[in-house]
Amino acid sequence: LDTHLLSLFDAEVRISTSEIIHHRLKTGPSRVSINLTDGQLRLDLEDLALYGGRGRGVAVIDAGQAVPSLTLNLNLDGIQGGPFLEDASGFGWIDGRMTAAVVLAGQGNSERELVETLSGTVEIKSNGGAVRGFDVARIMRSIETGEIPQLGIQPNDRTAYSELGASFVLAKGIAQNNDLRLFTQNARVTGSGVVNMPRQTLDFQLKARLTGTGATRAEGAIVNFSNIELPLRIEGPWDKPTIGFKGQDQIVDGLRQIGKNLQKPDVQDALKGLFGGGGNNSVKPRDLLDKLLKKE
């Protein structure tokens with residue numbers, strides 16, 4: 001980042017432009033005020049037409065010191081989350097309108113040094129859209145039919161949501177989150193994790209509380225469930241992370257065992273006693289679980 005020219009002159013300019021392009025980021029018609037004094041450049045982003053929404057804020061580059069610094073205070077409203085995140089970071093998981101509040105500061109002589117020193121806060125929220133890459137309903141249907149779900153990222157999969165939100169605290173380019181929330185028709189996902197911006201990786205621990213799809217036996221369901229909670233983990237490169245059950249071996253082993261034991265006569269008798277058709281038989285839930293998970 002060559003900032004030495006900022007120390008050679010002073011200026012005060014107001015610009016109205018039809019388009020601003022920085023790397024892959026681009027705006028529509030915008031108004032910007034520029035003030036350059038003693039090597040300090042202040043950009044007042046008065047009104048940016050940005051990815052179908054609006055942006056406003058202030059950016060300050062201070063080149064009057066040995067290592068130049070950047071501070072950014074930016075508010076985004078109603079922008080299209082997918083295209084914006086894809087152009088800004090290559091992380092285009094979200095389809096939907098979103099708002100964001102960004103307060104960041106960093107310093108360095110290169111973009112990498114700047115990212116490695118970033119500190120501040122980021123808060124995002126979206127009230128309707130879809131997350132690309134996985135399909136919660138498909139995963140639940142697999143469980144309901146006794147199959148072990150495939151949890152890898154699938155480019156054509158989508159999960160519609162009614163609310164998505166998260167806030168991050170950054171230090172040295174590492175973003176820590178403790179309040180991730182994703183609400184869909186069949187699941188409420190909450191969790192926390194870390195986004196490593198220099199390495200472009202993420203690691204999140206999630207809890208997915210599932211309500212089931214309501215599939216019937218005629219539709220192939222052998223297990224109907226509601227209000228079940230599954231622990232998930234998302235980790236790896238943020239453009240192609242892996243998704244898996246936390247404690248996956250134990251959960252998968254349990255699902256396999258349930259599938260095997262559903263055909264056993266004593267389990268079938270227990271199910272009759274639990275759901276009706278078993279005469280005066282009564283079954284305790286603990287006894288049924290013991291039968292379902294009993295090792296051969």
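Values reported hereafter were calculated over all heavy atoms of this structure, with side chains retained and with hydrogens, waters and symmetry mates removed. Bear in mind the structure is a predicted one, so any value in this text is a computation, not a measurement.
Scanning both residues, Arg188 and Phe183, for their nearest heavy atoms gives NH2-CZ, 3.3 Å. For the pair Ala130 and Arg158, the tightest heavy-atom approach, listed with the atom from each and the gap, is CB-NH2, 3.3 Å. Among all heavy-atom pairs drawn from Met98 and Leu85, the shortest one is SD-CD1, 4.4 Å. Contact detail for Phe204 and Val195: the closest heavy-atom pair is CE1-CG2, 3.8 Å.
Looking at heavy atoms from C-beta onward, Leu41 lies out of side-chain contact with Asn35 at the 4.5 angstrom threshold. Here the side chains of Leu180 and Leu206 are in contact, with some heavy-atom distance below 4.5 Å. For the pair Ile174 and Gln176, the minimum side-chain heavy-atom distance is 4.5 Å or more. Here the side chains of Tyr161 and Gln185 are not in contact, with every heavy-atom distance at 4.5 Å or above. In this structure, Pro241 and Leu202 have side chains that are in contact, with non-hydrogen atoms separated by less than 4.5 Å. The shortest side-chain heavy-atom distance between Glu163 and Leu182 does not fall under the 4.5 Å cut-off. Two residues are said to be in side-chain contact when any heavy atoms from C-beta on lie closer than 4.5 Å; His22 and Thr27 fail this criterion. In this structure, Gln40 and Ile61 have side chains that are not in contact, with every pair of non-hydrogen atoms separated by 4.5 Å or more.
Both Ile124 and Leu48 sit in one connected hydrophobic cluster of ILVMFWY residues. Membership requires side-chain heavy atoms under 4.5 Å apart, directly or through other members. By the rule that hydrophobic residues join a cluster once side-chain heavy atoms approach within less than 4.5 Å of another member, Val13 and Leu36 end up as members of one cluster. Taken together through direct or relayed side-chain contacts under 4.5 Å among Ile, Leu, Val, Met, Phe, Trp and Tyr, Val169 and Val122 form parts of separate hydrophobic clusters. A continuous path of ILVMFWY side-chain contacts below 4.5 Å connects Tyr51 to Val102, so both sit in one hydrophobic cluster. Clustering ILVMFWY residues whenever any of their side-chain heavy atoms sit less than 4.5 angstrom apart, transitively, puts Leu50 in the very cluster that holds Ile15.
Thr242 places a side-chain N or O within donor-acceptor distance of the main-chain N or O of Glu235, the cut-off being under 3.5 Å. Of the possible polar contacts, none joining the Thr201 side chain to the Arg199 backbone as a donor-acceptor pair under 3.5 Å is found. With hydrogens and angles disregarded, a donor-acceptor distance shorter than 3.5 Å links the side chain of Ser110 to the backbone of Glu113. Side chain of Thr117 to main chain of Gly106: no donor-acceptor pair is present (N/O by atom type, distance under 3.5 Å, no hydrogens or angles).
Rounding to the nearest 0.5 angstrom, the gap separating the CG atom in Asp44 from the CZ atom in Arg14 is 9.0 Å. Rounding to the nearest 0.5 angstrom, the gap separating the CG atom in Asp10 from the OG1 atom in Thr37 is 5.0 Å. Taking NZ of Lys172 as the reference point, atom CG of Leu170 lies at 13.5 Å (rounded to 0.5 Å). Rounding to the nearest 0.5 angstrom, the gap separating the CD1 atom in Ile94 from the OG atom in Ser126 is 7.0 Å. How far CZ of Arg24 is from CZ of Phe84: 12.5 Å, rounded to the nearest 0.5 Å. To the nearest 0.5 Å, atoms OG (Ser30) and CZ (Arg56) are separated by 10.5 Å.
Heavy-atom neighbours of Glu12 CD from other residues, nucleotides or ligands within 6.0 Å: at or below the threshold of 12. The local environment of CZ in Arg181 is crowded, with over 12 non-hydrogen atoms from other residues, nucleotides or ligands closer than 6.0 Å. Within a 6.0 Å radius of CZ in Arg54, more than 12 heavy atoms belonging to other residues, nucleotides or ligands are found. For Lys125, the NZ atom sits in a loose shell: 12 or fewer heavy atoms of surrounding residues, nucleotides or ligands are nearer than 6.0 Å.
Between the side chains of Glu46 and Ser33, at least one donor N or O lies within less than 3.5 Å of an accepting N or O.
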Show the atom names and distances, to 0.1 Å, of all donor-acceptor pairs under 3.5 Å that link a side chain in residues 69-82 to residues at least two apart or in another chain.
from  : atom 1 : to    : atom 2 : distance (Å)
Ser69 : OG     : Gln65 : NE2    : 3.0

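Residue Leu104 forms a side-chain contact (heavy atoms from CB on, under 4.5 Å) with just one option from Thr121, Leu114, Leu118, and that option is Leu118. Of the residues listed (Val194, Asp179, Asn178, Asn177), the one engaging Phe168 in a side-chain contact (heavy atoms from CB on, under 4.5 Å) is Asn177, and it is the only one.
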* To do: Walk me through it: do Arg132 and Asp157 pass the test salt bridge (charged side-chain N to carboxylate O under 4.0 Å, His left out)?
  => CA-CA 6 Å; Arg132 294 184 294 185; Asp157 277 359; over 6 Å; no

